[in-house]
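Encoded as structure tokens, the structure appears first; notes follow it.
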Amino acid sequence: MGLLAAVLVMGLIAVPSPAQKDEPAKPRKIELDDLDKLVGVSDPQIAPDGKSIAVIVARANVEKDRFDHELVLVDIATSKQRVLTFDRPSVGQPRWSPDGDFLAFIADAGSAKEDKAQVFVMPMNGGDARRITHATQGVQQFAWSPDGKQIAYATEDEAEKKKDKHDDAFEVGDNDYLATEAPIPTHIWLVNADSGKVRRLTSGTWSLPTVPPPGSPASPLSWSPDGKSIVFVRQAKPHFGNSDQSVVQMVNIADGAIRTLTKRSALESYPTFSPDGEQLIYWYPREDDPNNVNEVVLAPASGGEGKSLTRKLDRNIQRSLWMPDSKSVLVGGHDGTRVALWQQPLDGEAKRLDLGKVSPSWLYWVDCHVGRKGGIAFTGSEPRRPTELYYMASPMDTPKRLTDFNKDAAALDLANVESISWKGPDDFAEDGVVTFPPGFSAKKKYPLVLVIHGGPTSASAETFSALNQVIASHGYIVFSPNYRGSDNRGNAYQRAIFNDAGAGPGRDVMAGIDELKKRGYVDADRIAVTGWSYGGYMTTWLIGNYNIWKTAIAGAAVTDKNDQYNLADYNVTERFSVGGSPWAGSYDKAYREQSPITYAAKIKTPTLIMATTGDSRVPITQSYRLYHALKDNGVTTKFIAYPVSGHFPGDPVRMKDLSKRWVEWLDQYLR
């Protein structure tokens with residue numbers, strides 16, 4: 001074979017024909033480096049005049065290993081953009097003043113001596129943003145008063161000063177095992193928007209709730225339209241393990257007097273005044289049980305438990321916003337393999353909005369906003385288009401995409417995504433999402449990679465998934481199954497995971513795999529199972545109870561429910577998943593039987609374990625248990641730990657490294 005012939009066979013060069021010269025270049029597949037170029041878009045806020053939207057835009061700064069945020073103003077009519085903030089990488093929570101003359105936001109104070117988040121107010125007719133809070137512990141959230149003269153904000157109390165600097169012992173409560181001090185209550189303060197004069201509004205050993213990620217933002221402060229009161233959520237103690245002990249209360253602005261809305265003592269959250277001030281909506285689990293779907297409850301502002309608005313809708317609601325006429329509420333949550341929005345009248349059935357192929361962004365909170373004129377803004381994605389900003393002039397309108405931040409990613413040769421359904425065990429109708437490799441042919445057989453969602457009160461949806469796209473680009477079919485406990489198919493399906501954390505969901509996943517096998521394009525000898533958090537739980541459960549796997553990846557895996565009860569941030573609320581404490585009654589048996597580590601001796605699958613050392617949601621102790629169980633039994637394993645806090649690495653460098661290790665481990669066993 002001559003040199004030129006050899007080069008052509010190896011594909012190192014190609015000689016185009018005259019016709020090929022004018023053809024556009026074929027888009028390339030997505031690569032790991034493309035992850036650094038993805039742009040985040042979040043927290044849209046429609047201006048009071050309805051003409052523009054303020055939104056947070058985030059980009060990876062690889063050199064400084066952080067995400068830099070900007071506050072951007074997008075014109076609804078023309079889609080033109082204006083960047084409003086510079087050199088404020090932590091900017092967030094844009095909120096318009098009622099008259100639209102000012103835009104407030106939260107950002108770090110910006111000095112080496114003071115790095116806490118504070119409230120800044122920017123005049124929209126020009127000029128620099130002015131800092132108006134000086135909260136020693138920083139500001140967590142804030143809300144304008146209806147007349148625009150005051151801002152209510154939430155901040156943690158200052159710790160009691162001790163005479164001896166070495167006196168750092170603290171009393172342990174229902175806190176996580178990484179705590180180094182007792183949690184401190186968070187309370188409401190008021191600041192004059194002009195003078196900056198502050199006044200404390202609430203106090204006590206109780207606290208406003210705080211929610212560490214991943215999770216929805218803490219219950220927002222909501223002013224009554226007459227400006228005389230604020231409705232909020234009171235948590236009995238500041239420990240996150242006591243987060244279930246939450247009730248809706250109302251504080252009088254004039255004298256700080258507080259009254260309770262209902263007679264309940266737990267599980268109330270996210271109250272909001274109606275625009276006319278006559279009523280409230282708040283969240284409450286169906287029939288007082290947190291295993292059930294979250295419902296939106298309508299109650300009179302004068303008090304009373306009220307009635308469920310969304311019982312008939314039968315979905316787990318993760319956002320609720322009043323429409324301007326006070327006659328209906330925009331609600332959002334998972335529905336099948338989509339994230340949906342519905343207009344829920346105060347009387348009558350909910351109507352699902354037509355969003356086309358777009359699903360609003362979801363992270364235990366649907367990212368949307370309703371304007372004064374009834375317009376709806378949301379961030380969202382399509383399976384082959386990353387997150388952008390969308391707008392609907394009314395619930396009857398269709399979404400208009402206003403931005404194109406991720407056009408380069410959308411132009412790549414991305415994998416096709418489709419929803420599949422199957423009849424699961426116990427007569428459940430089930431579904432999931434399949435991502436096919438570029439150039440997929442149903443006549444071929446491909447390795448199958450499961451990427452199982454966490455939660456478990458979550459769902460896999462037809463949205464853009466960077467990890468799934470990268471995995472598919474390596475020639476694999478990616479399957480993201482939903483299983484009992486997922487929140488996309490109603491109350492019966494969601495609560496079916498109660499006291500059945502692994503066995504039932506495991507059967508659901510296996511039934512989904514069987515459905516894919518029937519279609520003829522799955523190589524049954526090359527199947528991998530992977531997941532993070534509860535997806536890690538499902539991974540370790542499946543490799544301990546089924547022997548079909550070529551390899552596995554267990555990220556931040558729950559392997560021991562006892563560790564979750566004793567050490568995690570939500571600790572004692574783990575009792576809701578089983579029915580009681582492992583230290584009381586006979587519940588200890590259920591904890592053991594539903595812990596994947598119980599079945600670790602049966603695992604034969606080569607497994608990559610990954611976790612962060614500072615994870616309070618799923619303590620790394622459980623990954624150590626799994627590592628030693630596999631290693632001591634001669635199973636091929638590798639354990640990678642990231643020395644950072646949080647449930648998942650939050651910086652771009654480690655995030656990409658994690659994805660790289662994920663794909664390389666799969667390639668090692670599937671190619």
Side-chain angles (χ1 to χ4, degrees), residues 8-12 14 25-38 337 382-386 408-420 432-453 460 462-481 509 512-532 535 539 542-543 548-555 605-608 610 636 638 655-671:
L8 287 172
V9 169
M10 289 186 291
L12 298 181
K26 183 180 179 180
R28 62 172 177 82
K29 298 178 182 178
I30 191 170
E31 301 170 356
L32 282 167
D33 285 343
D34 292 312
L35 303 185
D36 293 334
K37 303 168 188 175
L38 294 175
T337 57
E382 300 178 32
R384 291 164 55 92
R385 181 182 294 277
D408 291 341
L412 296 172
D413 183 17
L414 296 174
N416 287 321
V417 177
E418 71 175 41
S419 173
I420 69 163
V433 177
V434 182
T435 305
F436 296 97
F440 168 80
S441 169
K443 297 179 180 180
K444 297 181 180 180
K445 289 186 179 292
Y446 297 84
L448 178 67
V449 177
L450 274 66
V451 177
I452 305 178
H453 73 73
S460 292
E462 296 172 80
T463 57
F464 181 83
S465 169
L467 177 61
N468 288 11
Q469 286 286 343
V470 170
I471 293 173
S473 75
H474 283 235
Y476 310 137
I477 296 173
V478 183
F479 177 39
S480 295
V509 172
I513 295 173
D514 288 342
E515 173 64 28
L516 283 175
K517 286 180 179 178
K518 292 176 185 176
R519 304 188 178 201
Y521 45 63
V522 170
D523 183 344
D525 294 325
R526 290 188 292 170
I527 302 178
V529 57
T530 74
W532 196 271
T539 295
L542 289 165
I543 61 177
I548 69 166
W549 317 105
K550 190 73 172 178
T551 191
I553 300 172
T605 305
T607 303
L608 172 64
M610 292 191 284
T636 300
K638 180 184 285 188
M655 288 173 69
K656 187 168 75 171
D657 180 79
L658 188 150
S659 297
K660 180 173 181 288
R661 292 178 185 274
W662 200 300
V663 175
E664 287 179 346
W665 185 266
L666 293 173
D667 286 346
Q668 180 180 343
Y669 288 92
L670 298 184
R671 280 191 166 180

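Hydrogens, waters and symmetry mates play no part in the numbers below; they use all other heavy atoms, side chains included.
Side chain of R671 to main chain of G475: no donor-acceptor pair is present (N/O by atom type, distance under 3.5 Å, no hydrogens or angles). When atom types are taken as modelled, the side chain of T539 and the backbone of G531 share a donor-acceptor pair closer than 3.5 angstrom. With T605 contributing its side chain and T607 its backbone, the two residues share no donor-acceptor pair below 3.5 Å. Between the side chain of R385 and the backbone N or O of A410 there is no donor-acceptor pair closer than 3.5 Å. At least one donor-acceptor pair closer than 3.5 Å links the side chain of S480 to the backbone N or O of V451.
Contact of the M655 side chain with the L35 side chain is not registered, since no non-hydrogen atoms from C-beta on lie closer than 4.5 Å. Looking at heavy atoms from C-beta onward, I452 lies in side-chain contact with L542 at the 4.5 angstrom threshold. For the pair R519 and I420, the minimum side-chain heavy-atom distance is below 4.5 Å.
Put simply, CG on L467 and CD1 on I30 are 10.0 Å apart, with the number rounded to the nearest 0.5 Å. Remark: E31 CD to Q469 CD distance equals 13.5 Å, nearest 0.5 Å. One finds the OG atom of S465 at 11.0 Å from the CG atom of L414 (value rounded to the nearest 0.5 Å). Separating the NZ atom in K29 from the CG atom in L412 is a distance of 12.0 Å, to the nearest 0.5 Å. Here the OG1 atom belonging to T551 is positioned 7.5 Å from the CG atom belonging to L608, to the nearest 0.5 angstrom. Taking CG from D525 and CD1 from I548, the interatomic distance works out to 10.5 Å, rounded to the nearest 0.5 Å.
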*For side-chain hydrogen bond (donor to acceptor under 3.5 Å, both in side chains), just list the numbers for D667 and Y476, CA-CA rounded to whole Å, side-chain angles, deciding distance to a tenth of an Å, and then say yes or no.*
CA-CA 10 Å; D667 286 346; Y476 310 137; 2.6 Å; yes
*Apply side chain to side chain contact (heavy atoms under 4.5 Å, CB included) to H474 and L666, showing your working.*
CA-CA 9 Å; H474 283 235; L666 293 173; over 6 Å; no
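Legend: residues meeting side-chain hydrogen bond (donor to acceptor under 3.5 Å, both in side chains) with W549, ordered by chain and number and at least two apart, are absent. Under the rule for a side-chain hydrogen bond (donor to acceptor under 3.5 Å, both in side chains), K550 has no partner lying at least two apart in sequence or in another chain. Listed by chain and number, the residues in a side-chain hydrogen bond (donor to acceptor under 3.5 Å, both in side chains) with D657 are Y642, R661 (sequence neighbours excluded). Under the rule for a salt bridge (charged side-chain N to carboxylate O under 4.0 Å, His left out), the partners of K37 that lie at least two apart in sequence or sit in another chain are D34. Every ring-ring contact (aromatic ring centres under 6.0 Å, His included) that F440 has, sequence neighbours left out, goes to F436, Y446, Y521. Residues meeting the side chain to side chain contact (heavy atoms under 4.5 Å, CB included) test with N416, sequence neighbours left out: R384. The side chain to side chain contact (heavy atoms under 4.5 Å, CB included) test applied to T463 returns S359, S381, A461, not counting sequence neighbours. Under the side chain to side chain contact (heavy atoms under 4.5 Å, CB included) criterion, A472 pairs with A415, T435, V478, not counting sequence neighbours. For F479, the ring-ring contact (aromatic ring centres under 6.0 Å, His included) partners two or more places apart in sequence, or in a different chain, are W422. For D514, the side-chain hydrogen bond (donor to acceptor under 3.5 Å, both in side chains) criterion is met by no residue, not counting sequence neighbours. The ring-ring contact (aromatic ring centres under 6.0 Å, His included) check on Y669 picks up W665, with sequence neighbours excluded. Considering only residues two or more places apart in sequence or on other chains, D36 meets the salt bridge (charged side-chain N to carboxylate O under 4.0 Å, His left out) condition with K656.
K445 approaches G520 most closely through the heavy-atom pair NZ-O, 3.1 Å. Across every non-hydrogen atom of E462 and S419, the tightest pair is OE2-CB, 3.6 Å.
Remark: K638 does not engage E664 in a salt bridge, criterion side-chain N to carboxylate O under 4.0 Å.
For the side chain to side chain contact (heavy atoms under 4.5 Å, CB included) with L450, the qualifying choice from I513, T530, L516 is I513, the only one to do so. The one candidate from L448, I527, D523 that meets the side chain to side chain contact (heavy atoms under 4.5 Å, CB included) condition with K517 is I527.
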